[in-house]
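Below you'll find the structure, written out as structure tokens, and then a few comments.
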Amino acid sequence: MNERKRFISFYDDCSDAFEEHLDGVRMYLQNHNEEYKRIKQEIYNIIDNHPNIQQIVCNDTIKSELSIEESKLLAKLIILYIDLQYIVEKEMYFKGGTDAYFYFDKLGIIKNNTL
């Protein structure tokens with residue numbers, strides 16, 4: 001690795017694989033975060049048990065109007081997706097801070113006495 005490439009940011013270096021990096025965070029959460037697992041299961045239950053909502057999520061045209069119950073479930077589904085995204089964003093923020101810490105340690109900017 002040349003000296004210039006050594007100091008390129010993770011985002012710039014891996015921008016074409018960034019989605020894979022996010023998927024790794026999601027997989028970690030799926031295996032280790034109970035709240036994330038609970039929300040995912042609730043999302044799957046709503047989608048699996050309500051064909052009109054499943055069609056909306058899959059960008060299909062629904063054949064009839066949504067019932068009041070389905071409308072409420074669709075609103076709940078949106079909130080669940082927002083909650084799920086919040087968990088991912090918190091984990092990414094933590095991961096970014098962790099990466100920065102080890103990067104600064106490697107550069108000798110900070111002294112790591114804890115490891």
Side-chain angles (χ1 to χ4, degrees):
M1 168 186 325
N2 67 32
E3 192 64 22
R4 185 167 188 219
K5 177 98 170 158
R6 181 174 176 224
F7 294 103
I8 194 167
S9 72
F10 169 81
Y11 180 79
D12 290 336
D13 194 35
C14 300
S15 62
D16 58 335
F18 195 66
E19 188 62 36
E20 290 176 30
H21 185 67
L22 287 175
D23 285 341
V25 170
R26 290 183 189 105
M27 289 299 293
Y28 173 81
L29 290 168
Q30 182 63 43
N31 294 323
H32 297 92
N33 186 299
E34 294 303 317
E35 181 70 3
Y36 185 89
K37 288 190 245 185
R38 183 194 65 74
I39 292 171
K40 287 285 277 195
Q41 188 58 53
E42 196 169 349
I43 288 170
Y44 292 143
N45 289 342
I46 291 171
I47 293 170
D48 291 345
N49 294 313
H50 300 88
N52 278 342
I53 293 176
Q54 185 177 43
Q55 287 177 301
I56 290 170
V57 170
C58 294
N59 284 330
D60 290 337
T61 303
I62 59 174
K63 295 179 171 82
S64 64
E65 294 180 3
L66 292 179
S67 68
I68 293 173
E69 177 194 358
E70 289 171 325
S71 296
K72 289 178 181 177
L73 286 170
L74 184 58
K76 182 176 184 176
L77 189 67
I78 292 167
I79 291 168
L80 290 170
Y81 273 114
I82 291 168
D83 292 346
L84 205 62
Q85 185 60 31
Y86 179 70
I87 293 170
V88 171
E89 289 169 0
K90 281 189 353 184
E91 188 65 26
M92 287 300 295
Y93 180 82
F94 176 76
K95 174 112 178 78
T98 302
D99 288 348
Y101 175 84
F102 285 111
Y103 178 67
F104 292 153
D105 181 53
K106 185 174 183 173
L107 291 174
I109 295 171
I110 60 173
K111 187 172 182 173
N112 184 350
N113 290 327
T114 60
L115 299 178

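Excluded from the calculations below are hydrogen atoms, water molecules and symmetry mates; all remaining heavy atoms, backbone and side chain alike, are included.
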Discussion item. Walk me through whether I46 and L80 qualify under side-chain contact (heavy atoms from CB on, under 4.5 Å).
Written reply: CA-CA 10 Å; I46 291 171; L80 290 170; 3.9 Å; yes
Discussion item. Can you give me the closest heavy-atom contact between K37 and H32, atom names plus distance?
Written reply: CE-N, 4.4 Å
Discussion item. A side-chain contact here means heavy atoms from C-beta on lying under 4.5 Å apart; do I56 and L77 qualify?
Written reply: no
Worksheet, complete the sentence: Here the gap from L84 atom CG to E35 atom CD, rounded to the nearest 0.5 Å, amounts to 9.5 Å
Worksheet entry | Interatomic distance, K90 atom NZ to N33 atom CG [nearest 0.5 angstrom] | 8.0 Å
Practice prompt. Measure the spacing between CD of E69 and CG of N52 and express it to the nearest 0.5 Å.
Written response: 11.0 Å
Worksheet item: Looking only at heavy atoms, which two atoms of Q55 and T61 are closest? And how far apart?
Response: NE2-O, 3.7 Å
Worksheet item: Hey, is CD1 on I109 packed in by over 12 heavy atoms from elsewhere, all under 6.0 Å?
Response: yes
Item to complete: Measure the shortest side-chain to side-chain distance between Q85 and Y81 over non-hydrogen atoms and say whether it is less than 4.5 angstrom.
Response: no
Worksheet item: With the 4.5 Å side-chain cut-off for hydrophobic clustering, are I39 and M92 part of the same group?
Response: yes
Worksheet item: What are the two closest non-hydrogen atoms of N45 and H50, and how far apart are they?
Response: O-ND1, 4.4 Å
Practice prompt. Give a yes or no on whether E65 atom CD has more than 12 heavy-atom contacts from other residues, nucleotides or ligands under 6.0 Å away.
Written response: no
Fill in: Rounded distance [0.5 Å steps], CD1 in I53 versus SG in C58
12.0 Å
Practice prompt. Identify the heavy atoms of Q54 and D48 that sit nearest to each other, and give their distance.
Written response: NE2-OD1, 4.5 Å
Worksheet item: Linking I/L/V/M/F/W/Y whenever any side-chain heavy atoms sit under 4.5 Å apart, do Y101 and F104 land together?
Response: yes
Practice prompt. Please determine if R38 and E34 form a salt bridge, counting it only when a charged side-chain N lies under 4.0 Å from a carboxylate O.
Written response: no
Worksheet item: In terms of hydrophobic clusters joined by side-chain contacts under 4.5 Å, are L74 and I79 together?
Response: no
